[in-house]
Amino acid sequence: MPIPTAFHSRAAALCQTQEWRDWSGYLSAISYQPSHEFEYYAVRNAAGLIDVSPLYKYEISGPDASRLVDRIITRDVSQCAVGQVLYTPWCDENGKVIDDGTVTRLEAQRFRITAADPSLRWFQDSGFGLDTEVRDVSRELAALAIQGPSSRAVLQACLKEIDLDRLPYYHAAEAKLGEIPLTVTRTGYTGDLGYELWIAAEHAEMVWDRLMEAGAGYGLQPVGLAALDMLRVEAGLLLIDVDYSSVRSAHIESQTSSPYELGLGWAVDLEGADFVGKRALLGEKERGAPRSFVGLRVPWADLERLFGAMDLPPQVAGRASRSALPLYVGRRHVGQATSMLFSPILKEYIALATVDSRYARRGQTLEIEITVEYKRQRANATVSKLPFYNPPWKKAVVGG
Amino acid sequence: MANNYDAIIVGGGHNGLVNAAYLARAGWKVLVLEQRHVLGGAAVTEEVFPGFKFSVFSYVVSLLRPEIIRDLKLVKHGLTILPLESTITPLPDGDYIYRGADPHETFRNLSRFSTRDAEAYREYGHAMYHMAKAVKYILGIRPPDPTSLHPRELLQLLKLGRHFLSIGEEHLYTLVKLMTMSSADFLEEWFETDPLVATLSASGIIGTFLGPRSPGSAYVLLHHYMGEIDGVFRAWGFARGGTGAISESIANSARAFGAEIRTEARVAKLLTNNGRATGIVLENGDEYRADVVVSSLDPKLTFLKLADPDELPRELVEDILGFDTYGSSGKVNLALDSLPELAALPGGGAHMRGAISISPSVDYIERAYDQAKYGQFSEKPYIDIIFPSMIDPSMAPPGQHVMSCFVQYAPYQLATGDWDGQREAFGDAVVNTLAEYFPSIKERILHRQVLSPWDIERSIGLSGGNIFQGELSLSQLFFLRPAPGWTQYRTPIEGYYQCGSAVHPGGGITGAPGRLAALQILKDGKR
């Protein structure tokens with residue numbers, strides 16, 4: 001049975017729907033309100049509060065900490081200053097992705113890594129011969145995301161001692177909320193302006209209360225996983241076990257992916273220090289990845305045509321769908337759409353997909369399977385740039 | 001003419017019944033002869049005490065081949081497997097290790113001891129999936145004869161070689177380790193929590209005369225893991241109505257296909273003429289004729305008792321004399337007036353519907369084995385417990401319970417005295433051990449049935465009381481089971497076949513030997 005997170009008393013009081021999902025063994029609200037769209041729009045238009053405590057969290061410290069992190073992740077740690085955050089995948093020896101997450105450089109030789117799956121053993125074993133300590137801080141550290149265009153104002157009202165205007169995208173700062181010490185990172189899973197707070201679990205409820213109080217005038221609302229899933233699809237952000245499988249849980253070769261196949265080539269640094277999987281990725285870079293991660297847009301006219309044939313208006317799910325759909329070019333199966341969504345803000349049917357690289361050029365037309373009244377049909381789908389939604393305030397530095 | 005059949009199957013255990021059902025399904029006129037009043041061999045349910053039904057011997061099922069369930073329509077004939085999903089290992093200090101159906105709960109529980117182990121447990125499951133997948137192929141094929149130059153055998157060997165090359169280097173190395181290591185050594189490469197290693201390694205010793213540190217025991221681990229893949233997920237289960245219900249469903253299927261089944265019919269001898277099987281004679285003198293006679297009994301009975309050793313090659317007789325059927329396990333079945341409390345986790349929660357393993361440390365089991373090596377039963381034995389009545393309430397009167405305790409070690413041969421003299425002392429040792437974990441157990445016991453390897457041998461005929469009809473050691477597997485050259489269900493006597501657990505792929509309620517033998521017999525055809 002899933003167990004409560006450090007914020008559960010607060011989340012439970014607000015969760016009108018009693019809709020919960022098991023996220024890594026924790027109770028996570030799917031939707032607080034009967035219509036999750038209010039939560040979605042809170043993030044796109046005001047601010048939302050999301051309990052992301054079920055993420056796995058590790059701290060790596062010791063004289064060789066940076067060498068260990070370099071060994072694990074595909075990016076170059078020497079390019080990461082203290083106070084900076086990196087998004088990165090990490091791989092096995094064959095260059096297949098195990099997991100992805102963020103690395104925060106808290107001190108020269110102290111890092112915090114988030115992961116979707118348990119990773120202590122992998123991180124510790126990767127440190128063979130190095131003088132480091134890897135600690136699992138998943139349970140002691142609660143995590144709360146505050147996301148949306150007003151998130152800065154709400155958070156600034158609570159954090160008096162730091163100037164959030166000067167905290168750039170993917171950077172971290174130590175701060176105090178009243179007497180409560182916490183780390184704030186300008187990161188998130190929504191593609192909007194936003195921050196994540198890393199707090200000792202015993203202070204979690206107080207931080208929630210203070211933010212909700214401060215956010216009342218800004219339209220701050222608690223946001224569940226249904227809305228979060230929509231936001232991250234618009235932001236073009238991957239979800240493990242949905243858009244790709246970890247090599248650890250894959251049963252057959254074709255279920256594994258390299259970073260290049262996940263659109264994460266930009267996060268692979270083959271010039272810097274050696275890391276696990278580098279040799280394999282050097283080869284793959286030369287050969288080219290056989291598959292690519294792309295965005296798809298399904299023209300509304302196509303949906304109208306298919307549904308219209310049955311005398312129906314287009315029916316699209318109000319939530320992001322995680323049931324993968326096959327993609328075709330003519331009779332050839334060329335990949336699959338793994339996350340689909342009718343984007344409320346873009347008013348478009350969009351999808352994240354893995355396709356054969358030959359068909360991954362922007363503007364390429366594919367066909368996607370759409371089921372209309374139990375019948376399988378095909379609609380066009382155009383390969384598009386990711387992210388679908390990328391507001392200027394996401395990365396902007398005000399007064400910086 | 002009434003006594004004439006196409007095939008006679010000696011022994012109504014589950015493999016004999018599977019064999020009969022497959023032959024009858026092919027249109028053969030088939031007779032099954034079972035010495036006891038009840039069908040099933042080691043897979044029987046008996047109401048030993050009024051109101052209390054016991055899966056007297058074999059008590060759980062995981063390996064029953066899915067193709068048998070389909071081919072023989074066992075679901076239609078009454079088979080229902082209820083889930084058995086958790087294992088709890090109570091520890092002497094009052095703590096426990098729990099592994100259940102919820103992977104996150106299992107993760108949290110193992111994390112209390114070691115987060116590394118909690119993580120490794122998932123990866124271990126994944127690795128074993130690949131191992132089982134690699135070996136599953138072997139379970140489904142007739143073992144080739146590696147010494148034969150016959151094109152058919154060479155082709156089969158070639159296929160086998162290709163198969164092993166196809167499973168990938170990394171998996172091949174793991175497989176070699178499994179084939180050669182002890183279960184404790186193998187598991188200690190994965191885990192640091194000793195009671196977890198102990199409990200997992202227990203799967204490597206069940207039914208064998210090996211300790212967790214004996215090389216070769218790792219393979220038995222895999223043998224027990226085999227049911228985990230294959231369409232029939234949630235592999236470990238408990239048959240509704242007890243293990244006998246599995247045998248009943250197979251018997252029903254066989255009858256529906258036209259097979260005739262007789263109980264209380266003890267076969268004395270195989271009848272032959274010029275090196276060919278012609279039928280059998282019962283102890284009461286009745287004769288039945290058939291050109292095909294299939295023995296589902298163990299090799300000692302098949303070759304040395306039913307058949308006349310004079311008709312067999314001397315080499316084979318020697319191999320069978322040397323075939324290891326040394327029994328190492330006992331069973332204690334208890335009828336209880338109510339559910340006893342597990343001190344480590346009181347109450348009747350989900351953990352009481354799963355396995356409870358008395359395996360607090362590797363040393364504990366190894367010490368239990370030490371005593372057995374020198375001819376004593378373990379005073380502190382490894383015990384695998386289930387409460388069948390918690391899974392299927394019809395096994396006991398309402399509110400009352402049956403408790404099944406599989407116990408190791410109970411060596412067939414005692415150094416001093418014999419099992420008739422020591423049976424109850426053994427039962428006491430088991431109950432005393434149980435009382436350390438279930439403090440109230442003694443007051444709850446209404447009836448107790450203690451079975452030593454002797455009792456297993458006497459009641460259902462398994463030589464040495466070995467539950468697998470012969471040790472599952474590497475020297476007795478695949479093309480060595482039961483003897484080199486005679487692995488293909490045939491015997492030197494034409495028309496005389498073997499189909500018990502002593503032939504490939506071995507023991508457990510798999511039905512696979514019965515089925516593979518039937519396929520071979522059908523291929524050879526009627527004469």
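Every chain is numbered from 1 and lettered A, B, ... according to where its sequence line falls, protein lines coming before strand lines.
Using a 4.5 Å cut-off between heavy atoms, B/A120 touches chain A through backbone and side chain atoms alike. A/F123 does not touch chain B: none of its heavy atoms, backbone or side chain, sits under 4.5 Å away. For A/S138, no part lies under 4.5 angstrom from a heavy atom of chain B.
Under the 3.5 Å distance criterion, the side-chain polar atoms of A/H251 are left unmatched by any main-chain donor or acceptor of B/H130. Looking only at distances, no side-chain donor or acceptor of B/H104 sits under 3.5 Å from a matching main-chain atom of A/P2. The backbone N or O of A/G25 sits less than 3.5 Å from a side-chain atom of B/R108, completing a donor-acceptor pair.
With rounding to the nearest 0.5 angstrom, the CG atom of A/D125 is 9.5 Å from the CD atom of B/E119.
The two residues A/R139 and B/S111 make their nearest non-hydrogen contact at NH2-CB, 3.7 Å.
At most 12 heavy atoms of other shown residues, nucleotides or ligands fall within 6.0 angstrom of atom CZ in A/R67. Other residues, nucleotides and ligands contribute only 12 or fewer heavy atoms inside 6.0 Å of the CZ atom of B/R240.
The closest side-chain heavy-atom distance from B/T115 to A/Q124 is not below 4.5 Å. In this structure, B/E105 and A/M1 have side chains that are not in contact, with every pair of non-hydrogen atoms separated by 4.5 Å or more.
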